[in-house]
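Encoded as structure tokens, the structure appears first; notes follow it.
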Amino acid sequence: MSGSPLTRVAALDALVDALRSLPGVGPKSAARMAFHLLQHDRDGAARLAEALRQALAGIRRCSLCNTYTEDALCATCADPRRDRRLLCVVESPADQSAVEQTLTYRGLYFVLMGRLSPLDGLGPKDIGIDQLVRRVQGGDVEEIILATNFTNEGEATAHVIAETLRPLDLRITRLARGVPSGAELEYVDLGTIARALVDRRGA
């Protein structure tokens, strides 16, 4: 009989496989997590499973900015104190959260559905640029702040958005280079993001 009994448990294999879908988690890390949850923290595993079930059932996209919310509008879009003349464009809800944590920005957001990536077949329509144009045309926006990441794909995304919106007579700015080249916002320290917001430039 080949292989250990543990490696032949289908439910365990499925759990390890599911954990591998998390970013940065390889086969060994996923296996360690699975064994820990099953052996040492079954209550934690049950809470995790229930939290995931509730999140998948209850969380959706905000109808205005695309971020995650349990209501039709997210708390930011529904807040009358936010400056509706400013619209910060980010790649993901995680990037939006990073900008919010700087406590330096009081405008609204538009969250793209990723970034342009021709190799992955992701073009302007796939990431919601058409929706962004409609949002700008139907509101009070005076300035677009392009806060896509400083990766090659993020820079290309910012360029395409700037060129698409340029005919609409808006001020279009880009985060200053306080954010290092190749960096992703959710991993950049908050002081750097805050400085980049303050020093934003024309796109």
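Side-chain atoms of Arg84 come within 3.5 Å of backbone N or O of Cys77 as a donor-acceptor pair. Side-chain atoms of Arg20 never come within 3.5 Å of backbone atoms of Gly26 as a donor-acceptor pair (strictly under, hydrogens ignored). Looking at Thr148, its side chain does come within 3.5 Å of a backbone N or O of Gly154 through a donor-acceptor pair. Looking only at distances, no side-chain donor or acceptor of Asp83 sits under 3.5 Å from a matching main-chain atom of Gly107. For Ser63 (side chain) and Ala72 (main-chain N/O), a donor-acceptor pair under 3.5 Å exists by modelled atom type. When atom types are taken as modelled, the side chain of Asp41 and the backbone of Gly44 share a donor-acceptor pair closer than 3.5 angstrom.
With rounding to the nearest 0.5 angstrom, the NZ atom of Lys125 is 6.0 Å from the CG atom of Asp130. One finds the CG atom of Leu87 at 8.0 Å from the CD1 atom of Ile145 (value rounded to the nearest 0.5 Å). The distance from the CE atom of Met113 to the CD1 atom of Ile129 is 10.5 Å, given to the nearest 0.5 Å. Here the CG-CG distance, from Leu103 to Leu197, works out to 11.0 Å after rounding to the nearest 0.5 Å. How far NE2 of His159 is from OG1 of Thr164: 9.0 Å, rounded to the nearest 0.5 Å. Taking CG of Leu132 as the reference point, atom CD1 of Ile127 lies at 9.0 Å (rounded to 0.5 Å).
The shortest side-chain heavy-atom distance between Tyr105 and Leu86 falls under the 4.5 Å cut-off. Two residues are said to be in side-chain contact when any heavy atoms from C-beta on lie closer than 4.5 Å; Leu175 and Leu185 meet this criterion. The shortest side-chain heavy-atom distance between Arg171 and Ile144 does not fall under the 4.5 Å cut-off. Looking only at side-chain heavy atoms (C-beta outward), Leu38 and Leu15 come within less than 4.5 Å of each other. Between Leu116 and Leu122, every side-chain heavy-atom pair lies at or beyond the 4.5 Å cut-off. The shortest side-chain heavy-atom distance between Ile172 and Leu165 falls under the 4.5 Å cut-off. Residues Val25 and Met33 have side chains in contact (heavy-atom distance under 4.5 Å, counting atoms from C-beta outward). Looking at Thr67 and Thr76, their side chains never come closer than 4.5 Å, going by heavy atoms from C-beta outward.
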Q: Go through the steps for Leu168 and Val141 under the test side-chain contact (heavy atoms from CB on, under 4.5 Å), then give the verdict.
A: CA-CA 10 Å; Leu168 299 182; Val141 178; over 6 Å; no

Q: Quick one: do Glu70 and Arg61 satisfy salt bridge (charged side-chain N to carboxylate O under 4.0 Å, His left out)? Show the steps, please.
A: CA-CA 8 Å; Glu70 292 182 82; Arg61 294 273 192 176; over 6 Å; no

Q: Give the intermediate values and the outcome of side chain to side chain donor-acceptor pair (under 3.5 Å) for residues Ser92 and Gln96.
A: CA-CA 6 Å; Ser92 70; Gln96 177 191 359; over 6 Å; no

Q: Would you sort out whether Leu12 and Phe35 count as a side-chain contact (heavy atoms from CB on, under 4.5 Å), showing the intermediate values?
A: CA-CA 9 Å; Leu12 177 59; Phe35 288 128; 3.6 Å; yes

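Judged purely by distance below 3.5 Å, without hydrogens or angles, the side chains of Glu153 and Thr157 never pair a donor atom with an acceptor atom.
The one candidate from Glu184, Glu91, Glu155 that meets the side-chain hydrogen bond (donor to acceptor under 3.5 Å, both in side chains) condition with Asn149 is Glu91.
Residues Ala18 and Ser21 share a closest heavy-atom pair of O-OG, 2.6 Å. The shortest non-hydrogen separation linking Tyr109 to Arg135 is O-NH1, 3.1 Å. The shortest heavy-atom contact between Thr102 and Leu190 is CG2-O, 3.5 Å. Taking both residues in full, the closest heavy atoms of Leu146 and Ala162 are given as CD1-CB, 3.9 Å, listed atom of the first, atom of the second, then distance. Across all their heavy atoms, Ala78 and Leu73 have their closest contact at CB-CB, 4.4 Å. Of all non-hydrogen atoms in Leu19 and Ala30, the two that sit nearest each other are CD1-O, 3.5 Å.
More than 12 heavy atoms of other shown residues, nucleotides or ligands fall within 6.0 angstrom of atom CZ in Arg106.
Linking Ile, Leu, Val, Met, Phe, Trp and Tyr residues whenever their side-chain heavy atoms come within less than 4.5 Å places Val136 and Val160 in a single cluster. Cluster annotation: Leu108 is connected to Phe110 through the hydrophobic network of ILVMFWY side chains, with a link wherever side-chain heavy atoms come within less than 4.5 Å. Cluster membership check: Tyr68 does not share its hydrophobic cluster with Leu112, using side-chain heavy-atom separations under 4.5 Å among Ile, Leu, Val, Met, Phe, Trp and Tyr. Leu64 and Val89 sit in two unconnected hydrophobic clusters of ILVMFWY residues. Membership requires side-chain heavy atoms under 4.5 Å apart, directly or through other members. Linking ILVMFWY side-chain heavy atoms closer than 4.5 Å, directly or via other members, places Leu22 and Val16 in a single hydrophobic cluster.
The aromatic rings of His40 and His36 lie tilted to each other, with the angle between the two planes from 30° to 60°.
Between Arg174 and Glu143 there is no salt bridge, since no side-chain N of the basic residue sits under 4.0 Å from a carboxylate O of the acidic one. With respect to the salt-bridge test (charged N to carboxylate O, under 4.0 angstrom), the residues Glu50 and Arg53 qualify.
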